[in-house]
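Because the structure is predicted, anything quoted here is derived from the model rather than measured. Quick note: residue numbers are just sequence positions, from 1.
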Amino acid sequence: MGANEATLSRNGAGKVKLEYAHDGQKRTVLWEPLGSGTVETIFDGEGAIALQRIFSDKIDKEAQVARFIKAEKIAGVRQGDYSEIRFNKKCPTCGADSLQRLAETISDSSKMPVMPIYVCGSCKGKSYYLTDSYLEHLISNNVDLFEENERKALDSDKGAFVKEIKEYIIRIFASKRIMCIK
């Protein structure tokens, strides 16, 4: 795949996957039906969720793919064979290499978690993996959920604010016995 090219593939269950390069790094975007909605997920080169959007209804995936290709300035697109996206991390509970996104185990987009949650195919344990870019996206797209003093803290030192939110998340998930994937 060249610097400005992508590979597009589809499976028989309505999933559409586009593999491309973004700032020299491999990325994959997946559009998949989930209940009455559609989930758009962008993965980094390791298969970690970098960005996720949930559309409450079915979208025209082909039109969405075309918009995405145009926005990313992808010059050439070739057809490829569909393969599932693998997350290249091990389960923090049992060490198995069988983590799958929770999105793959639910059937309704309204049950889709905001956080990237994974389930181990071996021990069935839940875990999460949170990239800074994903958390920054959540914060910037939900600023209205924060109080005025929190928004001021975000404006004055975004890095410190993101770090504090991440620490809260770690404590919350630890109390629910949901392990962090390292």
So Leu8 and Arg10, side chain to side chain contact (heavy atoms under 4.5 Å, CB included) or not? Walk me through it. CA-CA 7 Å; Leu8 183 66; Arg10 295 170 179 80; 3.5 Å; yes
Go through it in stages, so that I can follow the logic: the residues are Glu5 and Arg78, the test is salt bridge (Lys or Arg N to Asp or Glu O under 4.0 Å), and I'd like the CA-CA distance, side-chain angles, deciding distance and then a yes or no. CA-CA 8 Å; Glu5 296 178 350; Arg78 64 181 171 89; 5.4 Å; no
For side chain to side chain contact (heavy atoms under 4.5 Å, CB included), just list the numbers for Met115 and Ile178, CA-CA rounded to whole Å, side-chain angles, deciding distance to a tenth of an Å, and then say yes or no. CA-CA 12 Å; Met115 297 296 289; Ile178 298 176; over 6 Å; no
Thr28 and Leu18: side chain to side chain contact (heavy atoms under 4.5 Å, CB included), yes or no, with the steps? CA-CA 6 Å; Thr28 303; Leu18 183 72; over 6 Å; no
Test ring-ring contact (aromatic ring centres under 6.0 Å, His included) on Phe161 and Phe146 and set out the steps. CA-CA 11 Å; Phe161 186 80; Phe146 295 101; 5.3 Å; yes
Stepwise side chain to side chain contact (heavy atoms under 4.5 Å, CB included) check, Ser83 with Lys17: CA-CA 9 Å; Ser83 63; Lys17 181 173 80 169; 3.2 Å; yes
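Proximity of Ser127 to Leu99: side-chain heavy atoms (C-beta onward) are separated by under 4.5 Å at one or more points. You'll find the side chain of Arg53 stays beyond 4.5 Å of the side chain of Val39, heavy atoms only. Side chains of Arg101 and Phe43 form a contact here, defined as non-hydrogen atoms less than 4.5 Å apart. Counting heavy atoms from C-beta outward, Val16 and Glu62 have side chains that approach closer than 4.5 Å. Within the 4.5 Å cutoff, no side-chain heavy atoms of Tyr129 are placed close to those of Cys180. Put simply, the side chain of Ile170 reaches to within 4.5 Å of the side chain of Tyr128, judged on heavy atoms. Proximity of Lys158 to Glu136: side-chain heavy atoms (C-beta onward) are separated by under 4.5 Å at one or more points. Between Ile69 and Val77 the shortest side-chain heavy-atom distance falls below 4.5 Å.
Arg177 CZ: 12 or fewer foreign heavy atoms inside a 6.0 Å radius. Atom CG of Asn149 has more than 12 heavy atoms from other residues, nucleotides or ligands within 6.0 Å.
No side-chain donor-acceptor contact under 3.5 Å links Asp81 to the backbone of Ser9. Here the side chain of Asp157 pairs a donor or acceptor atom with the backbone of Ala160 at under 3.5 angstrom. Between the side chain of Asp23 and the main chain of Gln25, no donor-acceptor pair closer than 3.5 Å is present.
Using a 4.0 Å cut-off between charged nitrogen and carboxylate oxygen, Glu148 and Lys152 count as a salt-bridge pair. Of the charged side-chain nitrogens involved, at least one lies within less than 4.0 Å of a carboxylate oxygen, so that Arg86 and Asp97 count as a salt-bridged pair. Between Arg27 and Glu72 there is no salt bridge, since no side-chain nitrogen of the basic residue lies less than 4.0 Å from a carboxylate oxygen of the acidic one.
Remark: Asp132 CG to Leu135 CG distance equals 7.0 Å, nearest 0.5 Å. To the nearest 0.5 angstrom, Glu167 atom CD is 5.5 Å from Lys163 atom NZ. Between Thr41 atom OG1 and Glu32 atom CD the span is 5.5 Å, to the nearest 0.5 Å. Between the NZ atom of Lys26 and the OH atom of Tyr20 there is a distance of 11.5 Å, given to the nearest 0.5 Å. If you take OG on Ser133 and CD1 on Ile49, they are separated by 11.0 Å, rounding to the nearest 0.5 Å. Interatomic distance, CD1 of Ile181 versus CD1 of Ile117, reported as 8.5 Å (0.5 Å rounding).
Across all their heavy atoms, Lys61 and Pro33 have their closest contact at NZ-CD, 4.1 Å. The two residues Pro113 and Leu102 have their closest heavy-atom pair at CG-CD2, 3.6 Å. Residues Ala48 and Thr131 approach most closely at CB-CG2, 4.4 Å, considering heavy atoms.
By the 30° and 60° cut-offs, the orientation of the rings of His137 relative to Tyr134 is tilted.
One side chain, Gln64 or Glu40, offers a donor N or O that lies under 3.5 Å from an acceptor on the other.
A cation-pi contact, defined as under 6.0 Å to the ring centre and within 45° of the axis, is absent between Lys126 and Tyr118.
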